[in-house]
Amino acid sequence: MRRKGKLALMCAAFLFLLTACWNSKDIQSMAYVTAIGCDYENGKYITYAQVLNFSNVAKGESVEIGKNIPTWIGQGEGFTLTESFNSIYTTSQLRLFWGHVRALVVTERFLKKGEHVIKEAYDMLNRYREIRYNILVYGTKEPIRDILSQKSNLNLSPLETIMDNPTQGYSQRSYILPTYSFKFKSLIDEPAGAVLLPSLSIDRKSWTEDKKKKSMFSINGAYLMSNNQVRGWLSEQDLSGYRWIEKDLMRSPINIPDNSHPDAAIVLIKPKPKIEYVFRNGKTFYTIKLSIQAYVDELVRDLSKKDIEEQSAKVIEKQIRATYEKGLSIKADVLNLTEHLYRYNPKLWRNTRRGESFLLDKDSLERIEVTVHLLHSGKYKLRAG
């Protein structure tokens with residue numbers, strides 16, 4: 001009897017150790033945040049949370065395609081980001097879940113407040129366990145509420161936009177590579193080079209639904225940042241040469257010659273850029289060597305294969321040089337020339353730096369050597385050469 005009593009007592013003790021569903025949350029009773037916005041005004045952080053109803057977003061037989069899908073946007077403010085985000089909880093009727101955040105958009109005003117707000121932002125966001133490292137990051141000149149309420153074509157899910165799914169558009173027209181938070185964080189603290197933060201804008205003219213104007217997202221440029229500071233903003237046109245040194249470029253077109261009366265439209269793919277340097281007379285000079293493949297997309301006037309390759313190389317060289325000089329105007333190393341020196345010869349980089357924060361001038365980029373390999377001319381043959 002005594003042994004049975006001990007056994008019963010042990011079983012009762014084990015019952016108290018068993019886990020249960022005390023902390024479980026009903027998934028239908030939570031609000032899922034899909035994008036975050038950050039602004040800074042009058043000494044306070046102003047934050048926004050975009051919430052979608054996934055029953056309207058998920059693809060299924062019961063979902064009506066083409067139906068307007070509303071977005072809910074919560075706003076908070078505070079003297080710290082945490083205080084600002086927590087103030088959203090005050091009016092949120094449901095528990096907010098942050099594990100589905102796909103994009104972070106910060107205003108130009110936020111970026112220009114300097115190093116401390118940028119550091120505080122990524123410290124808070126990356127420290128919170130629910131938010132993932134692989135969210136997309138953008139800057140913008142637009143009001144955050146306009147950005148977070150933006151819709152897609154055909155009234156598809158707001159997640160099917162350039163903001164949340166930029167790679168689909170980038171595969172057809174590669175200009176400014178989408179930036180993820182983990183990549184942004186790894187580069188912004190580097191003492192050399194610059195990181196590009198794509199700027200998200202709203203185009204209100206290009207699309208209509210029947211005759212009713214419909215606004216759509218557009219990447220219209222990028223903020224150049226280094227050492228946690230914003231160096232300036234350059235338009236997509238200013239950055240047209242940057243794309244050629246980006247190894248992840250997928251497909252990007254040019255006109256040859258690059259003027260209002262082009263002879264052909266050429267598509268460039270698979271760039272293989274290489275940066276070389278030489279130290280001479282106490283200064284570092286750089287050479288960019290680029291090998292890239294191409295094919296003909298449109299032929300206005302008959303050109304030979306050699307003409308197309310040579311003219312394409314000239315256009316690319318000119319664009320790279322122009323982008324480099326645009327970067328000089330805001331003291332930003334757009335082409336990451338000094339980052340290459342810092343990475344592969346840190347001793348020389350330290351010796352040439354001598355306390356200077358920006359080491360480049362107009363003569364630093366000595367040569368640009370571009371080789372274009374024409375793969376094919378599409379379904380039609382070239383008529384010349």
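With sequence neighbours excluded, no residue forms a side-chain contact (heavy atoms from CB on, under 4.5 Å) with Asn281.
Leu159 and Met30 fall within the same hydrophobic cluster, where Ile, Leu, Val, Met, Phe, Trp and Tyr residues are linked whenever their side-chain heavy atoms come under 4.5 Å apart, directly or through other members.
Side-chain contact between Leu196 and Tyr242 is present, with at least one heavy-atom pair separated by less than 4.5 Å. Side-chain contact between Thr371 and Leu290 is absent, with no heavy-atom pair separated by less than 4.5 Å. Side-chain contact between Tyr223 and Ser199: present, with at least one pair of heavy atoms (C-beta onward) separated by less than 4.5 Å.
For the residue pair Tyr45/Glu83, the side-chain donor-acceptor check at 3.5 Å is not satisfied. Side-chain N/O atoms of Ser252 and Arg243 include a donor and acceptor closer than 3.5 Å. Looking only at atom types and distance, the side chain of Glu142 has no donor-acceptor partner in the side chain of Ser201 under 3.5 Å away. A donor-acceptor pair shorter than 3.5 Å cannot be found between the side chains of Arg132 and Tyr180. Judged by distance alone, the side chains of Trp349 and Thr338 never bring a donor and an acceptor atom under 3.5 Å apart. No side-chain donor-acceptor contact under 3.5 Å links Asn227 and Asp189.
Judged by a 6.0 Å distance limit and a 45° cone about the ring axis, Lys44 is positioned over the six-membered ring of Phe79. Taking the ring axis of Tyr175 as reference, the NZ or CZ atom of Arg173 stays within 45° of it and closer than 6.0 Å to the ring centre.
Enclosure of atom CD in Glu130 by more than 12 non-hydrogen atoms of other residues, nucleotides or ligands within 6.0 angstrom is indicated. Within a 6.0 Å radius of CZ in Phe279, more than 12 heavy atoms belonging to other residues, nucleotides or ligands are found. Under a cut-off of 6.0 angstrom, the local environment of NZ in Lys331 is sparse, with at most 12 non-hydrogen atoms contributed by other residues, nucleotides or ligands. At most 12 heavy atoms of other shown residues, nucleotides or ligands fall within 6.0 angstrom of atom NZ in Lys326.
Under the 4.5 angstrom side-chain criterion for Ile, Leu, Val, Met, Phe, Trp and Tyr, the cluster partners of Met216 are Trp207. Other residues sharing the hydrophobic cluster of Val278, ordered by chain and number and joined by side-chain separations under 4.5 Å: Phe285.
With Arg350 contributing its side chain and Asn345 its backbone, the two residues share no donor-acceptor pair below 3.5 Å. With Asp164 contributing its side chain and Glu160 its backbone, the two residues share no donor-acceptor pair below 3.5 Å. The backbone N or O of Asp307 lies less than 3.5 Å from no partner atom in the side chain of Glu309, so there is not a single donor-acceptor pair. Between the side chain of Arg204 and the backbone N or O of Lys214 there is no donor-acceptor pair closer than 3.5 Å. Thr323 places a side-chain N or O within 3.5 Å of a backbone atom of Gln319 that can act as its donor or acceptor partner. Listed for the Thr140 side chain is a donor-acceptor partner under 3.5 Å among the backbone atoms of Leu200. In terms of modelled atom types and a separation under 3.5 Å, the side chain of Ser174 and the main chain of Arg251 share a donor-acceptor contact. Looking only at distances, no side-chain donor or acceptor of Asn255 sits under 3.5 Å from a matching main-chain atom of Asp258.
The aromatic ring centroids of Trp98 and Phe85 lie less than 6.0 Å from each other.
Of all heavy-atom pairs between Gln50 and Thr34, the closest is OE1-OG1, 2.6 Å.
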